Asker: 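Quick one: the structure is below, and I'll ask about it shortly.
Since we're looking at a predicted model, the values are computed, not measured.
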Amino acid sequence: MAPAPHLAPVAPADSPTADGNPPHGRGSGGGGGGGGRGKPKASPPPGGITWRHRLRRDRALVLMTLPALLLVLVFAYVPLLGNAVAFKEFDPYVGESFTESFTLSPWIGGENFQRMWEDPYFWSAVENTLVIFLIQLVFFFPVPVLLALLINSIISPRVRAWAQGVLYLPHFFSWVLVITVFQQILGGAGIIAQSMRERGWGGGFDLMTDPGFFKFLVTFQAIWKDAGWGIIVFLAALAAVNHELYEAAAVDGAGRWRRMWHVTLPALRPVIALLLVLRVGDALTVGFEQILLQRTAVGTGAAEVLDTYVWNVGLENGDFGYAAAVGIVKGVFGLCLVLAANKTAHLLGEQGVYKK
């Protein structure tokens, strides 16, 4: 008796085909005489899945992120609506609530921005801010990179841990304590001034009240306080470098400096580019609390930056509309700096803050 021939199973008329799409004909929306009972369901795109599938897949992560998103929304984005006072002659005392005061305050259009353009004190604050930023970019930004390379070259784990602890510690000090330490060293009654007087070298040494030295002073204070904390990111990047690259470079005859130049620095370059973009975007924010505590010692001509200027005209003088206008200009200028720096990072082959 001959065996029965092998027949392939036949799919039902309404079942999807092998490629996952519904068949044409009865019950489908594609041509033929089926009456058009329904349209074929959209299949996921060839390169990935739809946002609904991702939302269903990552719903646990989304739920975990919701509290943080709500905090950012309430405390970061909702207050942005208050920037509308920049276009008003805002008086907080004309009403019993902010909403009533905002409604009763008259609209003045762009008068606050025109006043800012003509205000010499505003441009003096901009100049001081940019000068301090450039000084910190030259002297402060490379220090965490150099410290990370130095700590990474220490062979003994115990010495390395001790060095990290010593460098991290000043970050947890308040600016009041940091300025007090510098006052006891560089002030008119500090250690250096007393030693000079004891040796008869004069008693006029006081760098804490020198307006010409102030911009370098705040940079040195920032280095002492925050440089140790900044090396954490670079040490994390160095920890991800494959040690076989160092061994291969050593086999090829590369010394310590060659290995650092051809292996270590290329591994740090993406992180350096990212932090540099963020630092450039934060150019108009330079140590509000640090400078405010020392502004009276050197005068507003040397120590007035945009943040202290906004605090002065907004909180001390009660000119909230003008202070909001300055804040808007500062934010827009910072956004432009981030975009420009990120574009430069792309041109240099780095990812920057976001991809192309």
Side-chain angles (χ1 to χ4, degrees), residues 125-153 163-183 185-187 207-208 210-238 260 264-265 267-295 297-298 302-309 330 333-334 337-338 340-342 344-345 348 350 352-353:
V126 171
E127 179 183 357
N128 290 334
T129 303
L130 293 178
V131 170
I132 293 176
F133 161 71
L134 292 176
I135 293 176
Q136 292 187 356
L137 188 65
V138 173
F139 293 99
F140 179 24
F141 186 79
V143 172
V145 182
L146 298 177
L147 289 176
L149 294 175
L150 179 62
I151 292 178
N152 190 65
S153 64
Q164 291 180 11
V166 171
L167 293 173
Y168 293 166
L169 185 60
H171 173 77
F172 301 98
F173 296 162
S174 67
W175 277 115
V176 176
L177 180 57
V178 173
I179 295 171
T180 302
V181 171
F182 273 78
Q183 179 68 37
I185 298 175
L186 303 177
L207 293 181
M208 298 297 294
D210 187 357
F213 185 72
F214 177 74
K215 296 177 178 60
F216 296 94
L217 176 65
V218 295
T219 301
F220 295 150
Q221 291 171 349
I223 291 174
W224 186 75
K225 185 178 187 296
D226 291 329
W229 182 261
I231 68 177
I232 294 178
V233 179
F234 298 106
L235 286 177
L238 289 175
M260 181 181 298
T264 306
L265 289 180
L268 291 178
R269 194 173 65 177
V271 180
I272 294 175
L274 173 62
L275 295 182
L276 186 59
V277 170
L278 296 177
R279 185 68 190 92
V280 170
D282 208 26
L284 300 184
T285 303
V286 284
F288 166 73
E289 182 182 357
Q290 174 193 10
I291 296 177
L292 184 64
L293 292 171
Q294 304 176 87
R295 189 176 60 159
V298 296
E304 189 78 291
V305 295
L306 277 177
D307 285 343
T308 58
Y309 180 74
K330 174 189 171 184
F333 188 67
L337 286 177
V338 168
N342 199 73
T344 304
L348 296 176
E350 299 298 336
V353 179

Asker: Quick one: closest heavy-atom pair of T308 and A303, and the distance?
Answerer: OG1-O, 4.0 Å
Asker: The criterion is side chain to side chain contact (heavy atoms under 4.5 Å, CB included); which residues satisfy it with L169, sequence neighbours excluded?
Answerer: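 L169: side chain to side chain contact (heavy atoms under 4.5 Å, CB included) contacts with F173.
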Asker: Test of understanding: with side chain to side chain contact (heavy atoms under 4.5 Å, CB included), list the residues that count as partners of A341, not counting sequence neighbours.
Answerer: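 Partners of A341 under the side chain to side chain contact (heavy atoms under 4.5 Å, CB included) test: V277, V280.
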Asker: State which residues pass side chain to side chain donor-acceptor pair (under 3.5 Å) with T219; sequence neighbours excluded, sorted by chain then number.
Answerer: none
Asker: Considering only distance and modelled atom types, tabulate donor-acceptor pairs under 3.5 Å from the side chains of residues 128-145, sequence neighbours left out.
Answerer:
| unit_1 | atom_1 | unit_2 | atom_2 | d |
| --- | --- | --- | --- | --- |
| N128 | ND2 | S124 | O | 3.3 |
| N128 | ND2 | G301 | O | 3.1 |
| N128 | ND2 | E304 | O | 3.1 |
| T129 | OG1 | A125 | O | 2.7 |
| T129 | OG1 | L306 | N | 3.0 |
| Q136 | OE1 | R279 | NH2 | 3.0 |

Asker: Once rounded to the nearest 0.5 Å, what's the spacing between atom CD1 of I151 and atom CG of L146?
Answerer: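 These two atoms lie 11.5 Å from each other.
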Asker: With rounding to the nearest 0.5 angstrom, report the CZ to CZ distance, F220 to F182.
Answerer: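 Result: 9.0 Å between the selected atoms.
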Asker: Tell me, do L207 and L217 make a side-chain contact under 4.5 Å, heavy atoms counted?
Answerer: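 SC-SC contact between L207 and L217 ruled out.
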Asker: Rounded to the nearest 0.5 Å, how far does CG of L337 lie from CG of N342?
Answerer: 12.0 Å
Asker: What closest approach, in Å, do L268 and A237 show between heavy atoms, and which atom pair accounts for it?
Answerer: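 Answer, listing the atom of L268 first, then A237: CD2-CB, 3.7 Å.
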Asker: Of all residues at least two apart in sequence or in a different chain, which pass the side chain to side chain donor-acceptor pair (under 3.5 Å) check with D307?
Answerer: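 Partners of D307 by the side chain to side chain donor-acceptor pair (under 3.5 Å) criterion, ordered by chain and then number, come out as K330.
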Asker: Mind jotting down which residue pairs meet the side-chain hydrogen bond (donor to acceptor under 3.5 Å, both in side chains) criterion with at least one end in residues 168-182? Sequence neighbours excluded, please.
Answerer: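 Found H171-D226.
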Asker: Does the side chain of F234 come within less than 4.5 Å of I272's, by heavy atoms?
Answerer: yes
Asker: Yes or no on side chain to side chain contact (heavy atoms under 4.5 Å, CB included) for I291 and F214, after CA distance, side-chain angles and deciding distance?
Answerer: CA-CA 9 Å; I291 296 177; F214 177 74; 4.1 Å; yes
Asker: Compare every heavy atom of A297 with every heavy atom of M208, then report the nearest pair and how far apart it is.
Answerer: O-CB, 4.0 Å
Asker: Could you work out, with side chain to side chain contact (heavy atoms under 4.5 Å, CB included) as the rule, every residue matching T344, not counting sequence neighbours?
Answerer: L348
Asker: Looking at residues at least two apart in the chain, or sitting in another chain, which of them share a side chain to side chain donor-acceptor pair (under 3.5 Å) with Q221?
Answerer: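 Only Q290, Q294 meet the side chain to side chain donor-acceptor pair (under 3.5 Å) criterion with Q221.
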